[in-house]
Amino acid sequence: MSSNPHPVSQPAGEASAREMYTLLAAFADELGRCGLREACTSPGSRCAPLVLTFARDPRLRCHSHVDERCAGFFALGLAKASGLPVAVACTSGTAVAELLPAVVEAYEARVPMIVLSADRPPELRENGAGQSIDQIKLFGDYAKWFFEVGSHEATPERVRWMRGLACRAFWTAIEGRPGVVHLNFPLREPLVCDPPPTAPAGGRPGGAPLTARRPPVADAAADAHALDELIADRRRGIVIAGRHERLTPLGHAAAAFCTASGWPLLADPMSGARRGVAAIAHYDALLREQSFLEAHRPEAIVRIGDLPVSKPLRTWLADLTDVPQIALDPEGAWQDPATALSHSLAADPAATLNALSSKPRAADPSWLAGWRSADERAAEAILRVLDGRDGNVLSEPALALELGVLLPDAATLFVASSMPVRDIETFWPVRADPPRVLCNRGANGIDGTISSAFGTAAAEDGPVVLLIGDVAFAHDIGGLLAASRLDLKLTIVLVSNGGGGIFDFLPVSSTPMALERDLYTEHIATPTGLDFANAAALYGLTHECADSLPALRAALERALSQAQSAIVEVPTAGDRTENVHLHRRVWSAVSAALTS
Ligand SMILES: Cc1ncc(C[n+]2csc(CCOP(=O)(O)OP(=O)(O)O)c2C)c(N)n1
Ligand SMILES: [Mg+2]
């Protein structure tokens with residue numbers, strides 16, 4: 001050790017451990033100065049210096065996880081909900097690889113995360129030393145930035161460099177197109193240091209970061225002007241709003257712009273914009289009716305957030321290539337599989353729409369009125385179909401609709417991929433101030449959903465409810481451990497429909513090659529056969545079944561008012577195909593209502 005900040009009498013190993021802990025303490029301290037508030041840890045020996053340093057920093061809340069895959073998805077849910085990067089520290093070997101699915105989702109959904117992997121030092125790599133794999137650039141291009149940190153002496157210069165590294169990691173994760181930064185830390189034994197170094201030196205006075213970074217500031221007036229030039233003479237326009245989980249006032253801005261312009265607002269609940277008088281809730285059903293499409297051709301389309309999930313909406317947009325379609329896409333997400341966009345503006349959507357709302361625009365009142373009247377007819381048709389069923393059966397569409405009515409404004413709904421996210425889009429009503437809706441929709445995986453919802457629960461002040469299918473639930477059943485280990489409160493509404501109900505909508509469910517020996521059920525639908533009450537008992541959640549609307553209302557009320565996490569199981573398993581028929585009856589009823 002060259003610049004010796006410690007007594008010479010200290011054994012070499014102990015001194016090097018002290019230097020390692022000093023550097024890590026500076027790193028964690030600097031992340032805290034930049035604004036990091038949350039970190040996830042997972043166990044191990046090699047990662048102990050990282051994990052203990054983070055856990056000892058008073059500014060950071062550290063959430064301990066047994067399973068790195070759960071830790072990754074928990075961090076993702078927390079980062080989505082808070083809008084801030086979350087750090088995830090793990091040990092060497094396959095532990096790091098367990099983070100891959102969450103890293104992929106964070107890349108696709110543009111969520112900031114900082115992965116800190118412990119590694120063996122170079123002399124213990126590729127030579128049979130235990131628990132050592134090649135961790136260099138393990139996530140490939142799914143990480144925005146990879147850096148091999150190396151091992152260093154804790155000279156004042158290196159402590160300063162370590163602080164600078166923390167700043168760069170934090171700002172890189174959050175700015176531009178947010179995503180994952182991966183830093184790999186070779187850590188040499190001994191891995192403990194008692195007593196550990198206390199206040200790390202070299203921080204700026206007043207708790208300021210070493211390097212404060214200012215992101216580019218959008219010029220909302222100029223962006224609004226650019227958008228206005230493109231849509232100025234178009235009175236029959238439409239705004240399409242898809243997944244936008246950032247903490248921005250986009251929902252209000254889109255609603256205000258559409259109200260002022262007389263433009264219908266086709267908003268997925270994940271956009272936060274299904275609100276206000278211009279919101280059209282049932283576009284998925286409306287756009288299945290050909291005569292409606294022909295009579296409601298827009299002159300311009302403004303797209304914000306990701307593309308909504310609805311297939312009829314996507315098909316419609318793909319067919320409207322001769323209509324100007326303008327995306328407000330500040331993060332360069334390029335949500336355009338049909339190459340239908342005519343313009344993509346790197347403009348902040350909320351600020352741009354707000355700036356434009358104040359400018360009077362010529363509206364065509366009959367345009368919005370036509371959409372609204374169709375939406376009202378669709379809503380009535382849907383209610384007639386759902387009410388016309390046996391009142392004791394709680395269908396999947398009725399459940400989605402009911403959650404849209406029952407959940408308090410302050411709640412957050414985390415929705416799983418598969419039918420939950422689709423049913424919420426199709427049946428969720430327009431509300432004045434709707435609950436926040438989140439979903440792992442970057443890569444459409446059903447993995448890690450319970451963990452992501454618990455991560456969201458760690459960030460939100462209001463109640464958090466998860467709507468999830470039985471296969472997705474089984475996939476991440478270990479995520480339930482967060483309820484007791486982290487003392488978090490989540491209300492899980494579990495749709496128990498005997499496997500992947502989504503596949504019953506697809507040709508694979510009726511093709512002879514899959515029906516032979518019922519290969520379809522065993523290999524595609526994959527019913528789990530689990531008694532979910534046992535899962536609740538094992539992980540310390542309450543469990544009850546709700547098989548009617550009144551039972552659901554009562555069970556939800558109990559679950560939301562208790563301190564413990566809960567599973568409210570909705571068993572619709574009787575016949576998965578009945579769910580398909582019900583959806584088809586809904587779509588036909590809406591078509592009939594539009595054409596009568
Ligand atoms: C990690 C991952 N594995 C597989 C899939 C393919 N997949 C899509 S939906 C689905 C079934 C989900 O079933 P469930 O959670 O019960 O929801 P339901 O279809 O019944 O609404 C599967 C396996 C996926 N999206 N992600
Ligand atoms: Mg299912």
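The structure displayed is predicted, hence computed values, not measured ones. Because only heavy atoms are used, hydrogens play no part in the values below, and waters and symmetry mates are left out as well, while side chains stay in. Numbering of ligands and ligand atoms starts at 1, following listing order. Note that the numbering runs from 1 along the sequence shown for the chain.
- Of all protein heavy atoms, the one closest to atom 15 (O) of ligand 1 is A472 N, 2.9 Å.
- Taking 4.0 Å as the cut-off between side-chain N and carboxylate O, R61 and E38 count as a salt-bridged pair.
- The nearest heavy-atom contact from the protein to atom 9 (S) of ligand 1 is S418 OG, 3.3 Å.
- Here the protein heavy atom with the shortest distance to atom 25 (N) of ligand 1 is N444 O, 3.1 Å.
- A cation-pi contact, defined as under 6.0 Å to the ring centre and within 45° of the axis, is absent between R576 and F505.
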Self-check item: Derivation and outcome, side-chain hydrogen bond (donor to acceptor under 3.5 Å, both in side chains), residues S117 and H182
Solution: CA-CA 8 Å; S117 52; H182 175 198; 2.8 Å; yes

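- Looking only at heavy atoms of the protein, atom 7 (N) of ligand 1 is closest to F503 CZ, 3.7 Å.
- Using a 4.0 Å heavy-atom cutoff, S417 is absent from the residues neighbouring ligand 1.
- Note on ligand 1: G499 sits in its first shell, one or more heavy atoms being nearer than 4.0 Å.
- When hydrogens are left out, the protein atom nearest atom 2 (C) of ligand 1 is I446 CG1, 3.5 Å; that is the closest non-hydrogen contact.
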Exercise. Begin with the C-alpha distance, continue with both residues' side-chain angles, and end with the deciding distance and a verdict on side-chain hydrogen bond (donor to acceptor under 3.5 Å, both in side chains) for D268 and H244.
Key: CA-CA 9 Å; D268 188 309; H244 173 93; over 6 Å; no

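- Looking only at heavy atoms of the protein, atom 16 (O) of ligand 1 is closest to D470 OD1, 2.5 Å.
- Protein heavy atom in closest approach to atom 21 (O) of ligand 1: M419 CB, 3.1 Å.
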